[in-house]
Chemist: 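What follows is a structure written as C-alpha cells; I'll ask about it next.
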Amino acid sequence: MSHKILSKKNLSKDVFIADIEAPLVASAAKAGQFVIVCLKTSYSERIPLTIAGTDLKNGTIRLVWQAIGKSTVELGNMQVGDEVENILGPLGKPTHIEKFGTVLCVGGGIGNAPLLPIAKAMKEAGNKVISILGARNKELLILEDDFKTISDELIIVTDDGSYGRKAVVTVPLDEICQREKVDLVVAIGPTIMMKFASLAAAKHNVHVVVSLNTIMIDGTGMCGGCRVEVGGKTKFVCVDGPEFDGRQVNFDLMMKRMQAYKKQEQQALEQYKHKCKIGLEK
Amino acid sequence: MNDEQLLEELLKKHKAGTLKPADRYNIPPQAMPQQDGAVRRSNVSEVAQGYSETQARLEALRCLGCKNAPCMEGCPVKIKIKDFIAQIVNGDFQKALDIIRENSLLPAVCGRVCPQEVQCQLPCTVGKKFKDVNMSVSIGRLERFVADWGRKQKDSSAPAIAAPTGKKVAILGAGPGGIVAAADTRRAGHDVTVFEAFHKPGGVMVYGIPEFRLPKAIVQEEIEQLKKMGVKIICNFVAGRTKTIKDLMQKDGFDAVYVGVGAGLPMFMNIEGEHLIGVYSANEYLTRANLMRAYDFGKGADTPIAMSKRVAVVGGGNVAMDAARTAVRLGAEKVYLIYRRSEKEMPARIEEVHHAKEEGIEFHLLRNPKRIIGNAEGIVTGIECLKYELGEPDASGRRRPVPIEGSEFTIEVDTVVVAIGNGANPLIGQTTPGLELTKWGNIVVDEKCATSIKGVYAGGDIVLGAATVILAMGQGRTAAAAINEYLKK
Ligand SMILES: Cc1cc2nc3c(=O)[nH]c(=O)nc-3n(C[C@H](O)[C@H](O)[C@H](O)COP(=O)(O)OP(=O)(O)OC[C@H]3O[C@@H](n4cnc5c(N)ncnc54)[C@H](O)[C@@H]3O)c2cc1C
Ligand SMILES: Cc1cc2nc3c(=O)[nH]c(=O)nc-3n(C[C@H](O)[C@H](O)[C@H](O)COP(=O)(O)OP(=O)(O)OC[C@H]3O[C@@H](n4cnc5c(N)ncnc54)[C@H](O)[C@@H]3O)c2cc1C
Ligand code: SF4
Ligand code: SF4
Ligand code: FES
C-alpha cells in the first residue's frame with residue numbers, strides 16, 4: 001500500500017504541511033499519537049512524525065515537519081502526487097483528554113503542530129484553553145490562525161521580538177500561573193523548552209504533560225532505542241509515551257542521547273544535498 | 001582415494017547390501033565448507049557455504065537407518081529423517097525434499113539455524129556410539145543441502161489450493177510461525193491476510209538473524225511463494241493500534257486469527273550507565289544492521305549505527321553471537337563477549353560459538369557487568385565487570401554463577417550491546433480484553449494453540465517466550481490445522 005501526497009505547502013521556509021493518504025491510520029488516530037514514515041523501503045530510515053490532524057472523508061493524515069536532516073529534507077522535496085512507501089501507525093498512547101478546568105497549551109517552534117489537535121480536543125472537552133506559542137522569529141511562527149479559533153486566550157512570543165512579545169514561553173507561563181488557577185500545562189516543542197516549561201509548571205505545582213521526540217526505529221517497543229528515564233525508571237517513548245509527566249523526565253539525559261548520530265546525520269544530509277545538486281535525485 | 005572414488009566404492013557396497021555399520025562409522029564426518037575466518041570479517045556474505053553433492057551423499061551414508069529412529073523424536077516437527085537421508089544416498093533429491101516438506105515448510109531456514117545438537121542430532125545413534133554429539137550424522141546440513149538443491153530447480157509451481165471456502169483468516173506477524181500458518185490455512189481454501197508491523201515481512205529472520213547466517217533471499221522466496229498462493233501481505237500494520245483483534249473479527253469479518261507477533265520486548269540489566277550513548281539492546285543493534293542495512297550507511301542506506309572500535313556484547317545465546325559477529329563486520333577492532341556462566345552453559349548453537357571464535361571475538365566467561373562508564377558527553381568509555389564462580393545448581397539445573405567480591409575490573413569499550421533476552425511485548429495483551437496471559441505476559445494456549453478467545457489462536461515466541469524458528473513453525477502448523485478444523489463447523 002502506498003501513500004499519495006494529496007496536498008503540500010510551506011508554513012515557513014523549512015517547515016512543511018501535507019495531507020497524505022493513509023486511510024487505516026486516519027480512521028484509528030487520536031490526538032497525541034504519531035506515525036513512523038519510511039520513504040523508500042529499499043534505503044530510507046524510519047522517522048517518527050506526529051499526526052497533526054486527520055480527514056476521514058479523504059482518508060488522509062496531516063503531517064507537519066521541519067526539514068532538518070536527510071529524511072525530512074527528502075520528504076520536503078517530494079511533490080503533490082508523489083508517494084511515500086510506508087506509513088505505520090497510529091503509534092503511542094493517545095493524550096488523556098477530559099475536563100480538567102483551565103489547560104495551558106504551550107507550543108515551541110514545530111511543536112505547535114502536534115499541540116494543535118490536543119488543544120482542540122481539550123477545548124471540545126469543555127476546558128478553558130489558554131495557548132502560548134513561541135518561535136525564534138515571526139517567519140518561523142506556525143499555525144497561529146488555527147490556535148486563534150480554538151483558544152480562549154492566545155499569547156505569542158518570539159525570541160527576537162519580531163512579533164508578539166519579546167520573551168521565551170516560560171515568561172507568560174509563569175505569569176498566567178500566578179494570575180489564575182491552571183489545572184494542566186501541556187508543553188510541546190524543543191526538548192530544552194519542554195525542560196524549562198516543566199520546571200516553571202512545577203514551581204506552581206501544576207501538573208505538566210510533555211511529548212517527547214527521541215530517536216526511534218520500530219515504534220512498537222521492540223528495540224528500546226527510544227528509552228528515557230522518567231521518575232528514575234526506564235520508559236520507552238513509543239509505547240509508554242510519547243507523553244509523560246514533565247516533572248519526572250530526565251531531560252538532560254535525553255538531550256545527550258539525541259546527539260548520538262550527529263556526525264552520521266550531517267554526513268547523510270551533505271551527501272543527499274550534493275546528489276540533488278548534481279541532479280541524481282530531484 | 002578422493003571423495004568421488006570413495007563415494008562410488010561405498011555406493012557399490014551399499015547397493016549390494018554389504019555396507020556394514022562398521023563401514024559407515026568409518027566414513028569421515030563431512031566438514032562444512034566455509035568462508036575463511038579472516039576474509040569474512042569484512043563481508044556480510046553467508047559463512048557456511050553448503051555441502052557439495054558428493055559430500056552430502058557421503059554424509060548421508062553415515063546414517064544407519066535405525067529402526068527406532070531416535071533422531072526423529074528429537075525433531076520438534078518429527079521430520080522423517082532416515083527416509084529423506086536414504087533418498088540423498090539414492091541421489092533422488094526431489095524425493096528427499098518431498099519427504100521433508102511433509103513436516104517442514106522452511107527447510108532452507110531450519111537446516112541453517114536449528115540448534116541441531118540439542119534436537120535431532122542429540123539422540124543420533126552414531127553420535128552415541130562415539131560418545132560425541134559432534135560425531136552425529138549432520139542432519140541439519142543434509143536438510144539444508146536438499147532445500148538448496150530444491151531452490152536451484154526454480155520450481156515455480158505453487159501448491160494446490162482448495163476451492164474457496166468464503167472464510168477469512170488474519171495472521172498477525174510475518175515471522176516463521178505466521179508464514180507457515182498462512183500457507184496452511186490458504187491451502188485449505190481460506191481467504192488469508194498477513195498483517196506485519198515492520199515495512200518488510202519475515203520477522204526475526206529478517207530483522208534479527210544476520211545475512212551471514214541466513215541470507216535474506218531465502219526468506220524472500222518464502223514470502224513470494226505465499227503471494228503466489230494468493231495470500232495478501234499488508235505491512236506497516238500494528239495489530240492493537242492500527243486495528244484491534246476485536247475490530248478485525250467484528251468489523252472486517254475475519255473468522256479466525258493467528259497471533260504470531262513474537263517476543264519483542266528487550267530486557268536491560270538495570271545497572272548504572274545503561275542510558276549512555278553507545279548502549280544498545282541487541283534488537284536495536286541487529287535491526288539497524290540487518291533490516292535497515294546500516295552496514296551500507298552512506299553507500300545507499302540512510303540508517304546510522306555506532307562506528308565502534310571496541311565493543312562489549314553481554315550474553316551467551318544466538319542473539320549475543322549474532323551481535324558480536326555483526327560488530328566485527330561493521331569494522332570493530334576488538335569485540336568482547338561477556339557471559340556470566342561458562343562456555344558449557346551457553347545456549348548458542350555450537351557452530352556459532354566456533355565461528356565467533358574464528359572471527360577473533362574474545363570470550364570473557366564467568367564475568368558480568370556491574371556498571372557502564374561514560375564521559376561528560378554521555379558516551380560510553382568502559383564497562384566494569386565482576387568475576388564469577390559456579391556455585392550450586394539452580395532451578396534450571398545449571399550451576400548458579402556467584403560473584404566474587406572485590407574482583408571488579410574494567411574493559412575499555414565505546415559500545416555495549418545487551419543481549420540477555422526478550423520479554424513479551426504487552427501491546428496485544430493490553431488491547432485485547434479477554435485474552436488470557438501468563439504472569440510474564442505470554443499468551444496462554446491449549447495443545448491446539450487455541451487462546452481463551454474463540455477463533456483466536458497463537459504460537460511462536462509470544463506463547464513460548466524466546467524459542468526457536470522450528471518451534472514457532474511447528475506451532476504455526478498446529479494452529480493452522482486447528483483453524484481449518486474450526487472453520488469447517
Ligand atoms: C513521537 C515523535 C513525534 C515527532 N513529531 C514530529 C513532527 O510532527 N514534526 C517534526 O518535524 N518532527 C517530529 N519529530 C522529530 C522527527 O522525528 C525528527 O526530526 C526526524 O527523525 C529527523 O530525521 P532527519 O533524517 O530529517 O534528520 P536527522 O539527520 O536524523 O537529524 C538532523 C538533526 O535533528 C536532530 N534530531 C534527530 N532526531 C531527532 C528527533 N527525533 N527529534 C528532534 N531532533 C532530532 C539531530 O540531532 C540532528 O541535529 C518527532 C519525533 C518523535 C519521537
Ligand atoms: C538475533 C536472533 C538470533 C536467533 N537465532 C536463532 C537460531 O539460530 N535458531 C533458532 O531456531 N532460533 C533463533 N532465534 C529465535 C527465533 O528467531 C524465534 O524464536 C522465531 O523467529 C520466533 O518466531 P515467531 O513466529 O514467534 O515470530 P517472530 O520471528 O518473532 O516475528 C514476529 C513478527 O511479528 C511482528 N509483529 C510484532 N508485533 C506486531 C503487531 N502488534 N502487529 C503486527 N505484527 C507484529 C514483528 O514485526 C515480527 O515481524 C533467534 C532470535 C534472534 C532475535
Ligand atoms: S527441522 Fe531442525 S530439528 Fe528437525 S530435523 Fe531439521 S534441523 Fe533437525
Ligand atoms: S539416529 Fe542417526 S543414524 Fe539413526 S536414523 Fe537417525 S540420523 Fe540415522
Ligand atoms: S522505537 Fe523501538 S522501542 Fe521505541
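By convention in this document, chain letters (A, B, ...) are assigned in the order of the sequence lines, proteins followed by strands, and residues within each chain are numbered from 1.
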Chemist: Under 4.5 Å, heavy atom to heavy atom: which of residues 371-382 of chain B reach chain A? Give them by number, or say none.
Modeler: B:A376, B:E377, B:G378
Chemist: Evaluate the side-chain proximity of A:T234 to B:H275: yes if any heavy-atom separation is below 4.5 Å, no if none is.
Modeler: yes
Chemist: Could you look at B:L276 and say if it's the side chain, the backbone, both or neither that has a heavy atom under 4.5 Å from chain A?
Modeler: backbone
Chemist: Does the A:E45 side chain pair with the main chain of B:P304, one donor and one acceptor, at a distance under 3.5 Å?
Modeler: no
Chemist: Pick one of side chain, backbone, both or neither for B:R293, based on which atoms fall under 4.5 Å of a heavy atom in chain A.
Modeler: side chain
Chemist: With a 4.5 angstrom heavy-atom cut-off, which part of B:L427 approaches chain A: side chain, backbone, both or neither?
Modeler: neither
Chemist: Chain A heavy atoms under 4.5 Å from B:T242: which part of the residue, side chain, backbone, both or neither?
Modeler: both
Chemist: Against chain B, work out which of A:Q33, A:R46, A:Q259 has the most heavy-atom pairs shorter than 4.5 Å and name it.
Modeler: A:R46
Chemist: Under 4.5 Å heavy-atom distance to chain B, tell me which part of A:I87 shows up: side chain, backbone, both or neither.
Modeler: backbone
Chemist: Checking an interface table here. Which of residues 219-232 of chain A come within a heavy-atom distance under 4.5 Å of chain B?
Modeler: A:T220, A:G221, A:M222, A:C223, A:G224, A:G225, A:R227, A:V228, A:E229
Chemist: Using heavy-atom distances under 4.5 Å, tell me whether B:Y285 contacts chain A through its side chain, its backbone, both, or neither.
Modeler: neither
Chemist: Tell me if the NZ atom of A:K8 is crowded by more than 12 foreign heavy atoms within 6.0 Å.
Modeler: yes
Chemist: Identify which of B:L286, B:T303, B:V418, B:L265 forms the greatest number of heavy-atom pairs closer than 4.5 Å to chain A.
Modeler: B:T303
Chemist: So do A:K40 and B:D302 actually touch side chain to side chain, heavy atoms under 4.5 Å?
Modeler: no
Chemist: Roughly how far, to the nearest 0.5 Å, is NE2 of B:H199 from CG of A:D218?
Modeler: 11.5 Å
Chemist: Among B:M307, B:K243, B:K200, single out the residue with the greatest number of heavy-atom pairs under 4.5 Å to chain A.
Modeler: B:M307
Chemist: To the nearest 0.5 Å, tell me how far A:I36 CD1 sits from B:F198 CZ.
Modeler: 8.5 Å
Chemist: Give a yes or no on this: more than 12 heavy atoms of other residues, nucleotides or ligands lie within 6.0 Å of atom NZ of A:K30.
Modeler: no
Chemist: What part of B:A263 gets closer than 4.5 Å to chain A, counting heavy atoms only: side chain, backbone, both or neither?
Modeler: neither
Chemist: Under 4.5 Å from any heavy atom of chain B, what part of A:L269 do you find: side chain, backbone, both or neither?
Modeler: neither
Chemist: Heavy atoms, side chains only, cut-off 4.5 Å: are B:E284 and A:M216 in contact?
Modeler: no
Chemist: Using non-hydrogen atoms and a 4.5 Å limit, figure out which bit of B:V279 sits close to chain A: side chain, backbone, both or neither.
Modeler: both
Chemist: May I ask you to check whether over 12 heavy atoms, not counting those of A:R257, lie within 6.0 Å of atom CZ?
Modeler: yes
Chemist: To the nearest 0.5 Å, what is the distance between CD on B:E196 and CG on A:L88?
Modeler: 9.5 Å
